[in-house]
**Q** 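Submitted below is the structure of interest, expressed as structure tokens.
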Protein chains: 2
Amino acid sequence: MNIGQASQASGVSTKMIRYYEQIGLIPKADRRDSGYRDYSPSDVHMLCFIRRARDLGFAVSEINDLLGLWRDKSRHSADVMRIAKAHIERLQERARSLEAMAATLGTLVACCHGDDRPDCPILADLEEPSLIDWSGLKPSSEGALRRQP
Amino acid sequence: MNIGQASQASGVSTKMIRYYEQIGLIPKADRRDSGYRDYSPSDVHMLCFIRRARDLGFAVSEINDLLGLWRDKSRHSADVMRIAKAHIERLQERARSLEAMAATLGTLVACCHGDDRPDCPILADLEEPSLIDWSGLKPSSEGALRRQP
DNA sequence: TCTGCATCTTCCCATCGTGGGAAGGTAAAG
DNA sequence: CTTTACCTTCCCACGATGGGAAGATGCAGA
């Protein structure tokens, strides 16, 4: 199976398949005499696993852990559950952070008449806060979205 | 005012101040004879504006628009409101996407006994979906977090 | 004045996951 | 045999941020 077919079957782009190979997330693919990568059904299986984990927002490093457990037939399901639960926590925290941003901005929008006049509470408050208490929001915006350092 | 002091006063790191200058988000700072950048209180004002907009999750390109309106004394508040509302929509959509991921993963976790046994519905479903309907989740994970291309 | 330290300057590199594209080789169909 | 569709590797870009090196400058104390 060519990389393009593996891509179609798994929903992972060819660029990403090569990238995952390069960073060692997946083992080096077999090569044909031509140099073309050759994928087996079980390789595609693994790519599907990866794609679904990505769809759930797992980082590649976390998927690496999950793949290890996936391959380890003597794994403890508790280990998987721990990773999953921790990930749920992070997802929810990021969602909360986004909602807080939206709510804050909503407050400003509610105060803006939104017409032809130049007077605008949104800009005014960004300039010099009077409506909004920024103390709870400080963690620098997408900082709550970026992985913490 | 040195860049370090402007940084402290505004809460924007020196690295970021130079970066914002480099990409043209803020005008080139005045220089002293020494070559040191020199910031006025109104520069710091602008940096504060930027930081707060970042705290609200605005992308730098959006902040560019907001700064334009901020400086345009004849702006229409409706323009600002439109940008803000669109941003709220995006924030909420990303939050929803994250919550959907968390909920999906929660379903899997709820089915996992989480003990010493190797049997694990989480991995099983990543491998070969049986519990989860992935159709609503497909927009590739953080794709919902990343800016759409 | 000299010394040391803090701060500034520019420049390059890394992150993370993804896409774009060029230059060149191969497979398969017409 | 020609065309086309695919494959290969390699480099570059994004967005926003941080790290660090090498060298210049500012300021305070001896």
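Quick note on labels: first sequence line is chain A, next is B, and so on, each numbered from 1.
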**Q** Identify whether the distance between the nearest side-chain nitrogen and carboxylate oxygen of R117(A) and D119(A) falls below 4.0 Å.
**A** no
**Q** May I ask you to verify if any side-chain N or O of R31(A) is less than 4.0 angstrom from the OP1 or OP2 atom of dT9(D)?
**A** yes
**Q** Between dG19(C), dT8(D), dG21(C), which nucleotide has the shortest distance from any of its atoms to the side chain of M16(A)?
**A** dG19(C)
**Q** If you find the nucleotide of DNA chain C closest to D33(A) and the one closest to Y20(A), which residue's nucleotide is nearer the 5' end?
**A** Y20(A)
**Q** Could you check how far CG of D38(B) sits from C1' of dT25(D), rounded to whole Å?
**A** 14 Å
**Q** So, are D55(B) and R52(B) salt-bridged, with charged N and O less than 4.0 Å apart?
**A** no
**Q** When we call it a touch if two heavy atoms are under 4.0 Å apart, what does S13(A) touch: a base, just sugar-phosphate, or nothing?
**A** sugar-phosphate
**Q** Are more than 12 heavy atoms, taken from residues, nucleotides or ligands other than Q5(B), located less than 6.0 Å from that residue's CD atom?
**A** yes
**Q** Using whole Å, what does the distance between atom P of nucleotide dC14(D) and atom OH of Y19(B) come to?
**A** 9 Å
**Q** In this structure, how many angstroms lie between the C1' atom of dA5(D) and the CD atom of Q8(A), rounded?
**A** 13 Å
**Q** Compare the minimum distances between each of dC8(C), dT8(D), dG26(D) and the side chain of S34(B), then state the nucleotide with the smallest one.
**A** dG26(D)
**Q** Identify which nucleotide among dT7(C), dT25(D), dC7(D) has an atom closest to any side-chain atom of N2(B), counting heavy atoms from C-beta outward.
**A** dT7(C)
**Q** Nearest heavy atom decides the nucleotide; on that basis, is Y36(B) or S61(B) closer to the 5' end of DNA chain D?
**A** S61(B)
**Q** Any side-chain heavy atom of R75(B) within less than 4.5 Å of one from P118(A)?
**A** yes
**Q** Give the rounded distance in Å between these two atoms: CZ of R51(A) and C1' of dT18(C).
**A** 16 Å
**Q** In whole angstroms, how far is the P atom of dC16(C) from the CG atom of N64(A)?
**A** 12 Å
**Q** Tell me: CD1 of I3(B) to C1' of dA6(C), nearest whole Å?
**A** 15 Å
**Q** Verify the contact: side-chain N or O of R37(A) to OP1 or OP2 of dC6(D), cut-off strictly under 4.0 Å; return yes or no.
**A** no
**Q** Return the nearest nucleotide to the side chain of R18(A); candidates are dT9(D), dA16(D), dG17(C).
**A** dT9(D)
**Q** Using a strict threshold of under 4.0 Å (side-chain N to carboxylate O), is an ion pair present between R37(B) and E21(B)?
**A** yes
**Q** With no angle test and no hydrogens, is the base of dG17(C) tied to the side chain of K15(A) by a donor-acceptor pair under 3.5 Å?
**A** no
**Q** Would you kindly give the CZ-to-C1' distance between R32(B) and dT25(D), to the nearest whole Å?
**A** 11 Å
**Q** Round to a whole Å and report the spacing from CG of L25(B) to C1' of dA16(D).
**A** 12 Å
